[in-house]
Enquirer: 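Got a structure for you, written out below as structure tokens; questions coming shortly.
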Amino acid sequence: MCYSNHHHRFRDKAIQQFDALFYEKGNLRRCHYRIWYDLAHRIWGISYKSYLSALRKDVSDVPETCRRRHPKR
């Protein structure tokens with residue numbers, strides 16, 4: 001059975017933004033695997049293979065995810 005879940009596109013966008021915050025090329029403490037192991041699989045409950053797949057997906061048409069709707073007073 002095949003289905004289309006549009007929320008996966010928002011999840012993939014969030015994963016890409018999350019990875020951009022923590023990933024450092026050449027630093028083994030901040031590689032993709034450590035980011036997934038320490039943080040991401042606990043937040044989204046996904047496997048490492050799914051995490052890497054989400055990093056490769058094109059989500060350029062998905063709007064930004066973390067924006068405030070109301071200004072802070």
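Numbering of residues begins at 1 and proceeds along the displayed sequence.
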Enquirer: Out of curiosity, Tyr51 OH to Trp44 CH2, how far, rounded to the nearest 0.5 Å?
Expert: 7.0 Å
Enquirer: Asp12: which residues meet the salt bridge (charged side-chain N to carboxylate O under 4.0 Å, His left out) condition with it, sequence neighbours left out?
Expert: Lys57
Enquirer: Sequence neighbours excluded, which residues qualify as side chain to side chain contact (heavy atoms under 4.5 Å, CB included) partners of Arg56?
Expert: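 For Arg56 the side chain to side chain contact (heavy atoms under 4.5 Å, CB included) partners, ignoring immediate neighbours, are Leu52, Ser53.
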Enquirer: For Ile43, what residues pass the side chain to side chain contact (heavy atoms under 4.5 Å, CB included) criterion, not counting sequence neighbours?
Expert: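 Partners of Ile43 by the side chain to side chain contact (heavy atoms under 4.5 Å, CB included) criterion, ordered by chain and then number, come out as Phe18.
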Enquirer: Taking atom CG of Leu28 and atom OH of Tyr33, what is their separation to the nearest 0.5 Å?
Expert: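 Taking CG in Leu28 and OH in Tyr33, the distance rounds to 13.0 Å.
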Enquirer: What closest approach, in Å, do Trp36 and Ile46 show between heavy atoms, and which atom pair accounts for it?
Expert: NE1-O, 2.9 Å
Enquirer: Considering residues at least two apart in sequence or located in another chain, which fulfil the side-chain hydrogen bond (donor to acceptor under 3.5 Å, both in side chains) criterion with His41?
Expert: none
Enquirer: How many angstroms lie between NZ in Lys13 and CZ in Arg9, if you round to the nearest 0.5 Å?
Expert: 9.5 Å
Enquirer: Looking at Leu55 and His32, what are the two nearest heavy atoms and their distance?
Expert: CD1-ND1, 3.6 Å
Enquirer: Which heavy atom of Gln16 sits nearest to which heavy atom of Val59, and what is that distance?
Expert: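 Result for this residue pair: OE1-CG2, 3.1 Å.
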Enquirer: Could you work out, with side chain to side chain contact (heavy atoms under 4.5 Å, CB included) as the rule, every residue matching Asn27, not counting sequence neighbours?
Expert: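 So Asn27 forms a side chain to side chain contact (heavy atoms under 4.5 Å, CB included) with Glu24, Arg29, Arg30.
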Enquirer: State which residues pass salt bridge (charged side-chain N to carboxylate O under 4.0 Å, His left out) with Asp58; sequence neighbours excluded, sorted by chain then number.
Expert: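 Residues passing salt bridge (charged side-chain N to carboxylate O under 4.0 Å, His left out) with Asp58: none at all.
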Enquirer: Nearest 0.5 angstrom please: Leu39 CG to Phe22 CZ, how far?
Expert: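 Separation between the atoms: 5.5 Å.
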Enquirer: Do Leu21 and Tyr37 belong to the same hydrophobic cluster, where Ile, Leu, Val, Met, Phe, Trp and Tyr are linked whenever their side-chain heavy atoms lie under 4.5 Å apart, directly or via other members?
Expert: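 As far as the 4.5 Å side-chain criterion goes, Tyr37 and Leu21 are connected within one cluster.
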